[in-house]
S.K.: 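Okay, here's the structure, questions in a sec.
Read the numbers this way: they start at 1 and go in the same order the structure lists the ligands and their atoms.
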Amino acid sequence: LAKERGKNNYQFYTLAMTERSLERMTIERGLRHALAHDELRLHYQPQIDSGSGRVVGVEALVRWQHPEWGLVYPDRFISVAEETGLIVPIGAWVLRTACQQAKAWLETHGPFNCVAVNVSPRQFMETNLLQTINQTLAETGLPPGALELEITESAVMQDPENTLQVLHQLQQLGVRLSIDDFGTGYSSLTYLRRFPVQSVKIDRSFVIDLPDDEGSKTLVRAIIALAHELKLFVVAEGVETAAQLSFLKSQQCDSLQGYMFSKPVDAELLKPGLMSAEFDTSASNQPI
Ligand code: C2E
Ligand code: MG
Ligand code: MG
Ligand code: MG
């Protein structure tokens, strides 16, 4: 019986593996097609200054408009893109498109801080990222200070010496740098001091249980205090409720991003008024 079950488990296991690798191959083939046929899209999610309620920046988030599957979200394809190296051309496309869009916003909407673009570990390791960014800024005419790159701690940790060197070069270029999903990595404290970054983004997993969960409250308080001590700007991601907003404001979190203000949307939707809108960040009737 044990032998029989073992065999079944084995078959089940290989079947699952085969399905998984087939899915990944389908995604990989699809992504090559997407790049060649202009199926990638960017959505932008505003970042709101917690004091004034003004939009201080936007994060560019990639989507894939698949002819049959509809709009595909990055969680389904970024890891395949990373593994296959396709993240390099995809990342270059994202960068160019976001910079072009930001340049257009700068011209039509005046004071606009920056567009944030996510950069994967592999983009640091495999390409001359510095050159790609330099060239993209030159071609689009976007001032370096209007571009922010979001990197995760784990990205830096994959090859700390090389990544830190590139980060220092990027900083000299005038590009802003931020640490994404902050708090989920391993070496926050040791490395944070060495990262030439201007801001950290508190991961959504710490925001989601605010303000009821004591552990989340303690962590978020500590992260904000630490970041401010290091003269870093703090952004909270995944802000969905007035109670979360209220707690984050009470802790002097600098800016906020989340469905409470806006989901990531098409650039067209941001144009009419959102870019110059003032959001209500008072949440005054909400108990902490
Ligand atoms: P991320 O950079 O941490 O982006 C934040 C994610 O949280 C986005 O998911 C955003 O839509 C979502 N989000 C924002 N506010 C809320 C909220 O209030 N509630 C909830 N439930 N979710 C919220 P998205 O767009 O699906 O992106 C997922 C991840 O994929 C990103 O996480 C980023 O790591 C990666 N990604 C997206 N675009 C790119 C890209 O152009 N290049 C690379 N390398 N990675 C990307
Ligand atoms: Mg991000
Ligand atoms: Mg994040
Ligand atoms: Mg995330």
Side-chain angles (χ1 to χ4, degrees), residues 27 31 34-35 39-48 57-65 70-102 114-127 129 132-133 136 147-156 158 163 176-185 197 199-210 223 234-245 248 253 255-267 269-270 279:
I27 300 266
L31 280 176
L35 272 163
E39 290 172 6
L40 297 178
R41 304 283 178 269
L42 285 187
H43 281 177
Y44 299 88
Q45 186 177 36
Q47 299 178 337
I48 283 81
V58 292
E59 178 176 7
L61 295 152
V62 70
R63 276 90 181 86
W64 173 13
Q65 186 64 60
L71 199 63
V72 185
Y73 286 82
D75 287 342
R76 201 160 151 213
F77 63 86
I78 286 291
S79 65
V80 178
E82 275 270 316
E83 284 164 27
T84 55
L86 283 168
I87 194 66
V88 173
I90 291 174
W93 179 88
V94 168
L95 198 63
R96 191 174 61 248
T97 308
C99 288
Q100 278 167 352
Q101 183 60 64
C114 67
V115 68
V117 171
N118 294 283
V119 179
S120 285
R122 194 133 176 195
Q123 290 173 267
F124 275 95
M125 295 189 291
E126 286 219 348
T127 52
L129 187 63
T132 307
I133 287 166
T136 307
L147 175 65
E148 180 166 272
L149 302 179
E150 295 190 1
I151 47 158
T152 59
E153 283 171 75
S154 55
V156 185
Q158 288 191 17
T163 310
R176 299 155 61 98
L177 300 168
S178 87
I179 302 181
D180 203 354
D181 304 342
F182 186 72
T184 60
V197 301
S199 56
V200 296
K201 297 186 75 173
I202 302 177
D203 193 65
R204 182 159 62 89
S205 60
F206 301 117
V207 173
I208 201 162
D209 294 323
L210 290 177
I223 291 173
V234 186
V235 184
E237 33 173 59
V239 183
E240 294 186 359
T241 69
Q244 291 166 350
L245 165 69
L248 290 162
C253 184
S255 66
L256 311 155
Q257 188 179 342
Y259 293 174
M260 181 175 183
F261 303 103
S262 170
K263 289 198 169 186
V265 292
D266 193 275
L269 279 174
L270 273 176
F279 289 88

S.K.: Is it the side chain, the backbone, both or neither of I87 that has a heavy atom closer than 4.0 Å to ligand 1?
M.R.: side chain
S.K.: Testing N118, L61, L40, V62 one by one against V94 for a side-chain contact (heavy atoms from CB on, under 4.5 Å), which residue passes?
M.R.: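 In the set N118, L61, L40, V62, the residue that makes a side-chain contact (heavy atoms from CB on, under 4.5 Å) with V94 is V62.
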S.K.: Of all heavy-atom pairs between F261 and I48, which one has the smallest distance, and what is that distance?
M.R.: CB-CD1, 3.6 Å
S.K.: Indicate yes or no: at least one non-hydrogen side-chain atom of D181 is less than 4.5 angstrom from one of E237.
M.R.: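 Yes, their side chains come closer than 4.5 Å.
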S.K.: Using the test side chain to side chain donor-acceptor pair (under 3.5 Å), find all partners of Q257 that sit at least two apart in sequence or belong to another chain.
M.R.: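 Listed in chain order: Q45, Q47, E59, K201.
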S.K.: Which atoms of ligand 1 have any heavy atom of Q45 under 4.0 Å away?
M.R.: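 In order of number, 14 (C), 15 (N).
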S.K.: Can you sort out the partners of E83 under side chain to side chain donor-acceptor pair (under 3.5 Å), two or more places apart, ordered by chain and number?
M.R.: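 In terms of side chain to side chain donor-acceptor pair (under 3.5 Å), with neighbours along the sequence ignored, E83 is linked to R24.
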S.K.: Counting from 1, what ligand 1 atoms have a heavy atom of P264 closer than 4.0 Å?
M.R.: 11 (O)
S.K.: At under 4.0 Å between heavy atoms, is it the side chain or the backbone of N118 that contacts ligand 1, or both, or neither?
M.R.: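 Near ligand 1, N118 shows its backbone as well as its side chain.
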S.K.: Counting heavy atoms only, which of S79, A60, S120 is nearest atom 44 (N) of ligand 1?
M.R.: S120
S.K.: Below 4.0 Å, non-hydrogen atoms only: which portion of D181 touches ligand 1? Side chain, backbone, both or neither.
M.R.: side chain
S.K.: When you look for heavy atoms under 4.0 Å from ligand 1, do you find them on the side chain of V94, its backbone, both, or neither?
M.R.: side chain
S.K.: Return the set of residues passing side chain to side chain contact (heavy atoms under 4.5 Å, CB included) with R76 (not counting sequence neighbours), or none when no residue passes.
M.R.: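 Side chain to side chain contact (heavy atoms under 4.5 Å, CB included) check on R76 returns E23, I27, W69, V72.
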S.K.: Are any of the N/O atoms on Y73, whether in the backbone or the side chain, positioned under 3.5 angstrom from an N/O atom of ligand 1?
M.R.: no
S.K.: Only heavy atoms count here, so choose which of R204, Q257, Q244 is nearest to atom 21 (N) of ligand 1.
M.R.: R204
S.K.: Is the shortest distance from a heavy atom of M260 to ligand 1 less than 4.0 Å?
M.R.: no
S.K.: If we only count heavy atoms from C-beta on, is the I87 to Q123 side-chain gap below 4.5 Å?
M.R.: yes
S.K.: In ligand 1, which numbered atoms sit nearer than 4.0 Å to a non-hydrogen atom of E237?
M.R.: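 Per the distance check, 3 (O).
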S.K.: Can you tell me if R63 has a non-hydrogen atom under 4.0 Å from ligand 1?
M.R.: yes
S.K.: Applying the side-chain contact (heavy atoms from CB on, under 4.5 Å) criterion to F182, which one of I223, V234, D203, I202 satisfies it?
M.R.: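 In the set I223, V234, D203, I202, the residue that makes a side-chain contact (heavy atoms from CB on, under 4.5 Å) with F182 is I223.
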S.K.: Using a 3.5 Å distance criterion without hydrogens, assess whether the side chain of T241 forms a donor-acceptor pair with backbone atoms of Q244.
M.R.: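 Yes, the answer is positive, given that a donor and an acceptor are paired below the 3.5 Å cut-off.
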S.K.: Can you find a pair of side-chain heavy atoms, one from I133 and one from L95, that are under 4.5 Å apart?
M.R.: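 Heavy-atom side-chain distance check passes, below 4.5 Å.
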S.K.: Tell me the nearest of F77, Y259, F261 to atom 17 (C) of ligand 1, using heavy-atom distances.
M.R.: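 Considering heavy atoms of F77, Y259, F261, the nearest to atom 17 (C) of ligand 1 sits in Y259.
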S.K.: Does D75, backbone or side chain, put an N or O under 3.5 Å from an N or O of ligand 1?
M.R.: no
S.K.: Within the 4.5 Å heavy-atom criterion, are V115 and Y44 side-chain neighbours or not?
M.R.: yes
S.K.: Does G91 reach ligand 1, in the sense of a heavy atom lying below 4.0 Å from it?
M.R.: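 Not so, G91 does not reach ligand 1.
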S.K.: I'd like the name of whichever of T241, V62, T152, V119 reaches closest to atom 40 (C) of ligand 1 through any heavy atom.
M.R.: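 Going through T241, V62, T152, V119 one by one, V62 has the nearest heavy atom to atom 40 (C) of ligand 1.
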S.K.: How does K201 reach ligand 1, by side chain, by backbone, by both or by neither, if only non-hydrogen atoms under 4.0 Å count?
M.R.: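 Near ligand 1, K201 shows nothing, with every heavy atom at 4.0 Å or more.
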S.K.: I need the contact type for V117 against ligand 1. Using non-hydrogen atoms and a strict under-4.0 Å cut-off, is it side chain, backbone, both or neither?
M.R.: neither
S.K.: When you compare the side chain of L71 with that of Q65, does any pair of heavy atoms fall below 4.5 Å?
M.R.: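 The answer is yes, as the side chains (C-beta and beyond) meet within the 4.5 Å cut-off.
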S.K.: Can you check whether S205 reaches T184 side chain to side chain, under 4.5 Å on heavy atoms?
M.R.: yes
S.K.: Using 2.8 Å as the cut-off, count the protein N, O or S atoms closer than that to the Mg ion (ligand 2).
M.R.: 4
S.K.: Taking all heavy atoms of G238 and all of R204, pick out the closest pair and write down the distance.
M.R.: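 For G238 and R204, the tightest heavy-atom pair comes out as CA-CD, 3.5 Å.
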